[in-house]
There are 4 protein chains.
Amino acid sequence: MSQTLAPPRRRQKEARPQQLLDAALELFVEKGFAATRAEEVAQRAGVSKGTLYLYYASKEDLLKAVIREQLSTRIAAGAVHVERHRGSVAALLRDVLSRWWLEVFDSPTSGVFKLIVSEVRNFPDLAEFYQREVVQPGEQLISRVVQRGIDNGEFDAVDVSLVVHSLVLPMVMLCTYKHSLGACPGHDEHFDPRSFIGGHIDLVIRGLLRHGGRPPAAPRGGRGCRP
Amino acid sequence: MSQTLAPPRRRQKEARPQQLLDAALELFVEKGFAATRAEEVAQRAGVSKGTLYLYYASKEDLLKAVIREQLSTRIAAGAVHVERHRGSVAALLRDVLSRWWLEVFDSPTSGVFKLIVSEVRNFPDLAEFYQREVVQPGEQLISRVVQRGIDNGEFDAVDVSLVVHSLVLPMVMLCTYKHSLGACPGHDEHFDPRSFIGGHIDLVIRGLLRHGGRPPAAPRGGRGCRP
Amino acid sequence: MSQTLAPPRRRQKEARPQQLLDAALELFVEKGFAATRAEEVAQRAGVSKGTLYLYYASKEDLLKAVIREQLSTRIAAGAVHVERHRGSVAALLRDVLSRWWLEVFDSPTSGVFKLIVSEVRNFPDLAEFYQREVVQPGEQLISRVVQRGIDNGEFDAVDVSLVVHSLVLPMVMLCTYKHSLGACPGHDEHFDPRSFIGGHIDLVIRGLLRHGGRPPAAPRGGRGCRP
Amino acid sequence: MSQTLAPPRRRQKEARPQQLLDAALELFVEKGFAATRAEEVAQRAGVSKGTLYLYYASKEDLLKAVIREQLSTRIAAGAVHVERHRGSVAALLRDVLSRWWLEVFDSPTSGVFKLIVSEVRNFPDLAEFYQREVVQPGEQLISRVVQRGIDNGEFDAVDVSLVVHSLVLPMVMLCTYKHSLGACPGHDEHFDPRSFIGGHIDLVIRGLLRHGGRPPAAPRGGRGCRP
DNA sequence: AATGAATGAGGGTTCATTCAT
DNA sequence: AATGAATGAACCCTCATTCAT
């Protein structure tokens, strides 16, 4: 009688794009782009099929908007965490890096990594986009940190690019893993990505720290570590 | 031991499924399962659309056969490399592990990792399959190697599971990367996965090697490495 | 004679339907009814989509209003030209008829012929409408003129209905042509419909004028003109 | 029991295109291109929706194929009728021309005229096609005939282009009329296009025949026929 | 065993129409 | 009266699958 909950189904032009982007990110990550129906996205965003097309010209456009939004507003934002840090490089890698990664890992943003992996070959302009917005700035950021550690004598004179990838690839993999095998019932509950990240960074740091001039020498790219 | 040569007349017939599997692996990895048309697979295998359905009851069946074949005959096969090895654990990780990974990386088999990542959530029985055939045996294998290193005093008493993932995740990521961003024109040519694998293993080994009882202590899972 | 000026404030409101009708005529003629979007009509009329539906219950209603308006206020209006005329029948056909046709041809009204041709079969009540409002009065009008020419001895005793159609069909065709091929870039610029109309009427008049009892006799419907 | 009529629904690759073209011509002419559903065409051709797309890449492609087929195989073919004729020009116009027109008029081919009129503005390349395949050859053909009549003294020295259009436009109009108003229930049953064509040609011929040098002079393009 | 013509359910997209503002 | 966000039926086209040959 009191119609307390009138379906507020109209006039939300401002909110629509974000609702659609959120729904689309979830579904594209979960099922893949091709296997997600436009109507599903609309439904999860709480609107009708037609409404989606008021905001995005096509399903492909929606995909690109999803990626673009994640890259420009979320991943890039993470950089400040690192820039703000003051203190030892080891502490930076250990605390700040891992904290930032966990934030990404715990947010829906982690899904973009799976999305990029799965879809980039069908939409090649995503590649350039991702390289420019994520890979390059991310690698530069961490490179500078590692280089700082070498310069101030904390680390051996290792191959910086190698270290960057050794640090980062597992984290990227964890994000994609989270949305693939990690989301399947009966996957390895034993493995905890959160504690892994800390441990992994520590392990790499152990490999970086000066070994007091004694062997093994610092690996530099190729087949180092020879006695 | 004997009749290794199939009679030439029948070879064609028996080769069909393999041609189809190869074509399907390529295409599913490249474009994703949903975006690959059954007819494309047939075409690339050199047969007609109808023929595909003589061998596989549905496109989904074909996918599962592809995965099953890769897992049972290729990835698992790699394990022997490791089992056969005798010598220091560091050398095992450095040489044999990296050699085996490169073999996988350079073969079409590397594609299954991307395939699994992209498709498990739509076909959940793949998950159990992959866990059972790849994750568990793989982790056990490497765990035993690392444990051997701890037992014989080469390594500090680290968290074995952590090390396994720190070793393996980048390699898995490299395989999926190879078939996504790595296959796009204009990706970072600078980064060489082959040299990375060796360097990465060395870096982790440096983290494992005994640090003479002096700090930093061995990381054990969580937030170790505190002063 | 009086209040020709509507109060300016209300003019807008009353002008709306006319703006919509004009826009609709243009677009329906140009693209066809089914291929014209209601929103386009509104846009060209300078109003919003919703406003269109304040004045017309549906797109089909709008079509019928367009036709009805053209037929009742424009084409029919032309008839007076003819009725007012006094003088020889040949002169009437030559001057007045051609002048009236040119007026129609040069106005947007010419489009209705294309519209009728293209759309009657999908909206059969247009047919009866058009027959009653245009075909019948038009034919009667010209029939009377031609009959007058026969009665006063200017013309041979030809089949009146034949002459009417011979006179009129090319003009109708010119109107539809103007809005189809005639509006396409690269159509025959050589052909000038305006001069054609005069020439055509003259040519038909030559066929009507008494041939002084000499053959060929006047055609009467079927296969006349025999020696 | 005796399954006398097995539905011969398969394997008719050869016949399909023609069946589809015939069905499409009918429906496009009847309802217009935009208002015809692809599935309707398929149904009328006795096949399923998907089959249509085995033969034509899109509905638009089908339209163009329909036009192309009609123009190249039917209308153009008519020219030979005229070329073969030997005899007086008046007889040629009267008998052969009218006979050929009736053939066109009575066949489904007559529909292309309505189709062109209705659709050409939405598919501009049809215009060039129609100009090249129909208008130009058709006008040249009849022009030569009329010129022959002038040259051999049968006709006055009239404006040839004018005569051609005076002859042809009514016929084109009849064809389009047949498929629009002419197909509506309750149209003017009184008017018989078949007898009209003969009568019309005769009437024009009367206008062409030499008037013994006495007035009215031959119309030449503009406003001739002045005393 | 192999083919490829045929099918028809399914999904992307459009657009006439409605209605809260 | 006017707007334009929202709806959802309808339509074009695709493609997994079947089956007569």
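Labels below follow one simple rule: chain letters A, B, ... track the order of the sequence lines, proteins then strands, and each chain is numbered from 1.
With distances taken from any side-chain atom of B:R37 to the nucleotides F:dC15, F:dC12, E:dG12, the minimum falls on F:dC15. Considering only the side chain of D:R16, E:dA6 comes nearest among F:dT3, F:dT7, E:dA6.
Taking the nucleotide of DNA chain F with the nearest heavy atom to each of C:G46 and B:F33, the more 5' of the two is matched to C:G46. Place A:V47 and B:T36 on DNA chain F by their nearest nucleotides, and A:V47 ends up nearer the 5' end.
A donor-acceptor distance shorter than 3.5 angstrom exists from the side chain of A:E119 to the backbone of A:F33, with no hydrogens or angles considered. Without hydrogens or angle criteria, C:K114 side chain to C:V29 main chain gives a donor-acceptor distance under 3.5 Å.
Among all heavy-atom pairs drawn from B:V117 and B:V120, the shortest one is O-CG2, 4.0 Å. The shortest non-hydrogen separation linking C:G32 to C:T36 is O-OG1, 2.6 Å.
Rounded to an integer number of Å, the gap from C:Q43 CD to F:dG4 C1' is 12 Å. Rounded to a whole Å, the CD atom of D:E39 is 15 Å from the C1' atom of F:dA9. Per the geometry, CG belonging to D:L20 stands 14 Å off P belonging to F:dC13, to the nearest Å. Between A:F28 atom CZ and E:dG11 atom P the separation is 14 Å, expressed in whole Å. Rounding to whole angstrom units, NZ of residue B:K31 and P of F:dT14 are separated by 14 Å.
C:Y130 pairs in a side chain to side chain contact (heavy atoms under 4.5 Å, CB included) with only one of the listed residues (C:L71, C:V112, C:D125, C:I67), which is C:L71.
DNA chain F lies under 4.0 Å from at least one heavy atom of each of the following residues of residues 49-67 of chain A: A:K49, A:G50, A:T51, A:L54, A:Y55.
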### Task
Verify side chain to side chain contact (heavy atoms under 4.5 Å, CB included) between D:E40 and D:R44, making sure each step is shown before the conclusion.
CA-CA 6 Å; D:E40 267 179 298; D:R44 188 169 297 197; 5.9 Å; no
